[in-house]
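Notes follow once the structure below has been shown.
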Amino acid sequence: MKMFRTLAAACAVSLLALGAVQSHAQPAQAGKDSATTPDYVPHTGQAGKDVVWVPTQDALVQRMLDMAKVTKEDKLVDLGSGDGRTVIAAAKRGLTARGIEYNPDLVTLSQRNAAAEGVADRARFERGDIFESDFKEATVVTLFLLPELNLRLRPILLDMKPGTRVVSNTFTMDDWTPDETAVLAENCVNFCRAHFWVVPAKVGGTWRLGDGDLRLSQTFQMLEGTLTRAGKALPITEARMRGSEISFVADGRRYTGTVAEGRMSGRSEGAGQAQEWQATRSAN
């Protein structure tokens, strides 16, 4: 943890020097009442609770939403929502979107911005600590936080419903490898990279697959293991999760399927033949 605190501190210094990171921010003056500051304007690099504040560039906001393939059925939550631009951009696409922000001035500013953009009915903002807030309803989570905060959030994100999409501006989740990374090549100077993950279903353990046993070990979305039949253990390859979808190759056949409530089901293909398959989680 000391290493991450050092990294976070170093990043914060670097961000201030660059004039850049976003917001899990606290008011500039303790005890300041946002209702009495209608003309409040945040400034890049202002001190916050855990980071300094810098808005995500609009072009990267759009790229992050594209990476998550958002639809009107999604519910987006932005952690450390700053001036509200990510939430507002999502609401403009027809989503129900919510921002959680520590700084009450920024919350009030976000509400004004949403009203000015005509999306106040779909864009909601609340003052809160992201580590004490409940956002399990989200199907998409966006964030622009330092690595230490991402790492603290990681177990919370991994406990969300499989298939939840997570997009981070610039900073990763340590050894949880992104499913996709995009770089904004035009009209971007600093903080031009976005990382995307899909929360995987938890499948580690033993599964009964037909007359065999499928034994899986899991590291985030990546899988290793064996398929044992007639006493012969066959290694699986190309194995991974994408949300509740599983895929792997065993004994020359490619298995694809979905995981739900202790069951897997799908199709396997090999030697020119396709077959249905099912597996159930073993008790031990």
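Here, residue 1 is the first one in the sequence, and each next residue gets the next number. These values consider heavy atoms only, across backbone and side chains, with no hydrogens, waters or symmetry-generated copies. As the structure is a computational prediction, the values presented were derived from the model and not from experiment.
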Point to revise | Any side-chain heavy-atom pair of Leu149 and Phe131 under 4.5 Å | key: yes
Review point. If you take all heavy atoms of Gly80 and Ile130, which pair is closest and at what distance?
Key: N-CG2, 3.8 Å
Study note, to complete from the structure: Correct closest heavy-atom pair for Ala68 and Val140 would be CB-CG1, 4.0 Å
Review point. Distance from Thr86 atom OG1 to Leu65 atom CG, nearest 0.5 Å?
Key: 7.0 Å
Review point. How long is the gap from CG on Leu76 to OG1 on Thr139, to the nearest 0.5 Å?
Key: 7.5 Å
Check your understanding: Would you say the side chain of Phe191 lies within less than 4.5 Å of the side chain of Leu184, judging by non-hydrogen atoms?
Key -> no
Check your understanding: Distance from Gln62 atom CD to Met67 atom CE, nearest 0.5 Å?
Key -> 13.5 Å
Check your understanding: Hey, mind stepping through Thr142 and Arg165 against side chain to side chain contact (heavy atoms under 4.5 Å, CB included) and telling me if it holds?
Key -> CA-CA 8 Å; Thr142 56; Arg165 288 97 78 201; over 6 Å; no
Point to revise | Cluster check Ile236, Leu209: I/L/V/M/F/W/Y, side chain < 4.5 angstrom | key: yes
Review point. Given side chains that start at C-beta, do those of Asn150 and Leu143 come closer than 4.5 Å, heavy atoms only?
Key: yes
Point to revise | Electrostatic pair Arg154-Asp175, nearest N-O below 4.0 angstrom | key: yes
Point to revise | Glu137 and Lys75 ion-paired at < 4.0 Å | key: no
Review point. Just by distance, do the side chain of Gln218 and the backbone of Ala201 share a donor-acceptor pair under 3.5 Å?
Key: yes
Check your understanding: With distance as the sole criterion, is a donor-acceptor pair present between the side chains of Asp213 and Thr206 under 3.5 Å?
Key -> no
Exercise for review: Nearest 0.5 Å please: distance from the CE atom of Met173 over to the CZ atom of Phe220.
Suggested key: 10.5 Å
Check your understanding: Does a side-chain heavy-atom distance below 4.5 Å link Thr56 with Met64?
Key -> yes
Review point. Using the ring of each side chain (for Trp, its six-membered ring), is Phe248 parallel, tilted or perpendicular to Tyr255, with breaks at 30° and 60°?
Key: parallel
Check your understanding: Hey, are the side chains of Val167 and Arg63 touching, using non-hydrogen atoms and a 4.5 Å cut-off?
Key -> no
Point to revise | Test item: Tyr40 and Leu106 side chains (from C-beta on) under 4.5 Å apart, heavy atoms | key: yes
Revision key, fill the gap. When every non-hydrogen atom of Gln278 is compared with those of Ser265, the smallest separation belongs to CG-CB, 4.0 Å
Practice item. Determine yes or no for a side-chain-to-main-chain donor-acceptor pair under 3.5 angstrom, with Asp105 supplying the side chain and Val107 the backbone. Key: no
**Study point:** Cationic N near anionic O, under 4.0 Å, Asp74 to Arg93
**Key:** no
Review point. With the threshold set at 4.0 Å, does a side-chain nitrogen-carboxylate oxygen contact exist between Arg112 and Asp83?
Key: no
Practice item. Flag the pair Arg124 and Glu126 as a salt bridge only when some basic side-chain nitrogen lies within less than 4.0 angstrom of an acidic carboxylate oxygen. Key: yes
Exercise for review: Verify the distance criterion only: is there a donor paired with an acceptor across the side chains of Gln221 and Arg242 at less than 3.5 Å?
Suggested key: no
Check your understanding: Would a hydrophobic clustering, with Ile, Leu, Val, Met, Phe, Trp and Tyr connected at side-chain separations under 4.5 Å, put Leu158 with Val166?
Key -> yes
Review point. Is atom CZ of Arg208 surrounded by more than 12 heavy atoms (other residues, nucleotides or ligands) closer than 6.0 Å?
Key: yes
Point to revise | Stepwise side-chain hydrogen bond (donor to acceptor under 3.5 Å, both in side chains) test for His195 and Thr181 | key: CA-CA 5 Å; His195 303 286; Thr181 295; 3.0 Å; yes
Exercise for review: Mark yes or no for whether Trp176, through its side chain, and Thr172, through its backbone, hold a donor-acceptor pair below 3.5 Å.
Suggested key: no
Review point. Where is the tightest heavy-atom contact between Val198 and Gly163, given as atom of each residue plus distance?
Key: CG1-CA, 3.7 Å
Exercise for review: Kindly indicate whether a cation-pi arrangement holds for Arg98 with Phe135, taking the cut-offs as under 6.0 Å to the six-membered ring centre and within 45° of the axis.
Suggested key: no
Review point. Is Met160 reachable from Met241 through a run of hydrophobic residues whose side-chain heavy atoms are each under 4.5 Å from the next?
Key: no
Point to revise | Donor-acceptor pair, side chain of Ser110 and main chain of Gly82, under 3.5 angstrom | key: yes
Check your understanding: Any side-chain heavy atom of Val141 sitting closer than 4.5 Å to one from Leu79?
Key -> yes
Practice item. Say whether Leu216 and Leu227 are linked into one hydrophobic cluster, either directly or through other cluster members, by side-chain heavy-atom distances under 4.5 angstrom. Key: yes
Review point. To the nearest 0.5 Å, what is the distance between CD1 (Ile88) and CG (Leu95)?
Key: 13.5 Å
Point to revise | Shortest non-hydrogen contact between Ala97 and Ala90, atoms and distance | key: CB-CB, 4.0 Å
Check your understanding: Do Leu60 and Phe144 belong to the same hydrophobic cluster, where Ile, Leu, Val, Met, Phe, Trp and Tyr are linked whenever their side-chain heavy atoms lie under 4.5 Å apart, directly or via other members?
Key -> no
Check your understanding: Is there a donor-acceptor pair closer than 3.5 Å between any side-chain N or O of Arg215 and the backbone N or O of Thr226?
Key -> no
Check your understanding: Under 6.0 Å from the CZ atom of Arg193, do we count more than 12 heavy atoms belonging to anything else shown?
Key -> no
Check your understanding: How far does OG1 of Thr219 sit from CE of Met222, to the nearest 0.5 angstrom?
Key -> 9.0 Å
Exercise for review: Provide the closest heavy-atom pair for Ile100 versus Gly128 in the form atom of the first, atom of the second, distance.
Suggested key: CG2-O, 3.8 Å
**Study point:** Check against side chain to side chain contact (heavy atoms under 4.5 Å, CB included), Ser168 and Trp197
**Key:** CA-CA 9 Å; Ser168 171; Trp197 299 262; 3.7 Å; yes
Check your understanding: Lys202 versus Asp159: any side-chain heavy-atom pair under 4.5 Å?
Key -> yes
Check your understanding: Got a sec: does the CD of Glu224 have more than 12 other heavy atoms crowding it under 6.0 Å?
Key -> no
Practice item. Please lay out, stage by stage, how Thr228 and Leu234 fare under the test side chain to side chain contact (heavy atoms under 4.5 Å, CB included). Key: CA-CA 6 Å; Thr228 302; Leu234 306 167; over 6 Å; no
Point to revise | Pair Glu101 + Arg127: basic N to acidic O under 4.0 Å | key: no
Exercise for review: State plainly whether the residues Asp251 and Arg253 are in salt-bridge range, i.e. N to O under 4.0 Å.
Suggested key: no
Practice item. Measure from the side-chain N and O atoms of Trp207 to the backbone N and O of Arg281, and report whether any donor-acceptor pair falls under 3.5 Å. Key: no
